[in-house]
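Report on the structure given below.
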Amino acid sequence: MRKLIIANWKMNGNISKIKHDLESYAQNPITNQDNIIFALPYVFLDNASQVQKIYGAQYKISSQDISQFDGFGAYTGEVSGTILSDLGVEYAIVGHSERRKIGETSDVLAKKLELAINNKITPIYCIGESYEDRVENNYLIKLEKELEILFELNQLVSNIIIAYEPIWAIGTGLTPSIAQIDEIMRLIKVTVKKNLPNAYVSTIYGGSVIADNTKDFLESSLVDGLLVGGASLKAEEFIKICSCGQSVMSTT
Ligand code: 13P
């Protein structure tokens, strides 16, 4: 099974880093693979796409968000699926907790998912509970609720990535146990299978992933990949994560 490794650069990088890192990733057999995806700030997507084309790179490009409005029009500051697709973007993160925190509602996220799919962009839909939800044992209800918006999309979805990112594990160095991750991977797979029987769903984990813990996560047969934040910015560390991803992939 191919394990996905998704780098979420968040609000980081500059043109020379994009050029330098993506050019070297394109020439490295460990990172020049189609299961490796770079989620970059909007402003760098065109540069990334150019490097990808020039080098004929196999890796994929993702945005970190997508507009709730489609096509073109008077929506200052927005970037639509139509525009992303034109840039060669094949994936979009939707519903990251750092965006939910600044006010993205379920209605807005449902629209974003629909427009990503309509524009042939595979959504990387993020769900995750807070520390309070976890300790008060409300986490399953919270996660099921976040999954519910997918079910409206019934006919539309053929391919989707769902990332479990517990909020308390993001950027903290804390990680859930493999048993805790497996519980959620199973919940996602079972719930989505029941409600979207025709969709191909990959379930991935994100939150304080580093080279040293990559193998533990990827060895779970329920974990189809990883969403990596901070560690994806350090080229050496990220290459180690990808390398581990390739070796786990070849043995499962
Ligand atoms: P960190 O890997 O920095 O904890 O971030 C995780 C994340 O939010 C990826 O989307």
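For ligands, and for the atoms within them, numbers begin at 1 and follow the listed sequence. From a predicted model like this one, the values you see are computed outputs, not experimental measurements.
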Any donor-acceptor pair under 3.5 Å linking the side-chain atoms of E129 with those of Y164?
yes
Run the numbers for me: atoms of ligand 1, each under 4.0 Å from some heavy atom of H96, listed by number.
7 (C), 8 (O), 9 (C), 10 (O)
What residue and atom, counting heavy atoms only, is the protein's closest point to atom 2 (O) of ligand 1, and at what distance?
G229 N, 2.9 Å
Taking N or O atoms only and a 3.5 Å limit, does L227 qualify as a polar contact for ligand 1?
no
Polar side-chain atom of D133 near backbone of Y139 as donor-acceptor pair, under 3.5 Å
no
Side chains of T82 and D70 only: does a donor on one sit below 3.5 Å from an acceptor on the other?
yes
Mark up the atoms of ligand 1 that fall under 4.0 Å of a heavy atom belonging to I170, in ascending order.
4 (O), 5 (O), 6 (C), 8 (O)
Exactly one candidate in V228, V248, I241 meets side chain to side chain contact (heavy atoms under 4.5 Å, CB included) with T214; the answer is I241
Among all the protein's non-hydrogen atoms, which is closest to atom 6 (C) of ligand 1, and how far away is it?
E165 OE2, 3.7 Å
Touching ligand 1 at all, A231? Heavy atoms, strictly under 4.0 Å?
no
Identify the protein heavy atom lying closest to atom 5 (O) of ligand 1, giving its residue, its atom name and the separation to 0.1 Å.
K10 NZ, 3.3 Å
Counting only heavy atoms, which portion of N8 has something under 4.0 Å from ligand 1: side chain, backbone, both, or neither?
side chain
Sub-4.0 Å heavy-atom approach of G206 to ligand 1:
no
For N35 and Q246, work out which heavy atoms get closest and say how close.
ND2-OE1, 3.8 Å
Should G230 be counted as touching ligand 1, given the test is an N or O pair under 3.5 Å?
yes
Where does the angle between the aromatic ring planes of W9 and F38 fall among parallel (under 30°), tilted (30 to 60°) and perpendicular (over 60°)?
perpendicular
Gap separating the CD atom of Q52 from the NZ atom of K60, nearest 0.5 angstrom:
7.0 Å
